[in-house]
Amino acid sequence: MSLTIGATPAHAEKLVGVFRDYSECQRIGSHGVTQDWWDAYSCEWEGRYRYYFLYA
């Protein structure tokens with residue numbers, strides 16, 4: 001699933017995914033760490049869009 005939003009996050013992390021379910025966001029975030037795609041990640045709920053944004 002892809003979603004383009006015209007907002008920039010307040011932090012320096014890069015947006016790497018958008019998900020409807022928190023568990024899916026966590027699964028992909030953890031997978032990225034194990035694959036060395038990124039060192040850390042966060043899943044943040046954006047209520048106005050009703051999606052979880054994965055930042056890494």
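These values consider heavy atoms only, across backbone and side chains, with no hydrogens, waters or symmetry-generated copies. Remember, it's a predicted structure, so these values are computed and weren't measured experimentally. This chain uses plain numbering: 1 for the first residue, then up along the sequence.
Residues passing the salt bridge (charged side-chain N to carboxylate O under 4.0 Å, His left out) test with Glu46, sequence neighbours excluded: none. Tyr41 is linked by a ring pair (Phe, Tyr, Trp, His ring centres under 6.0 Å) to nothing, counting only residues two or more places apart in sequence or in another chain. The ring pair (Phe, Tyr, Trp, His ring centres under 6.0 Å) search around Trp38 returns none, not counting sequence neighbours.
Between Tyr55 and Phe53, the ring planes are parallel. Angles under 30° get that label, and only those over 60° would be called perpendicular.
For the salt bridge (charged side-chain N to carboxylate O under 4.0 Å, His left out) condition, no pair includes a residue of residues 29-43, sequence neighbours left out.
For an aromatic pair to be called close, the ring centres must be under 6.0 Å apart, and Tyr22 with Tyr52 satisfies this.
From Glu13, atom CD reaches atom CG of Leu54 across 9.0 Å, with rounding to the nearest 0.5 Å.
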>> Let's go through Phe19 and Arg27 carefully: what are the C-alpha distance in whole Å and the side-chain angles of both, what is the deciding distance for side chain to side chain contact (heavy atoms under 4.5 Å, CB included) to 0.1 Å, and is it a yes or a no?
In response: CA-CA 11 Å; Phe19 304 92; Arg27 188 180 72 78; over 6 Å; no
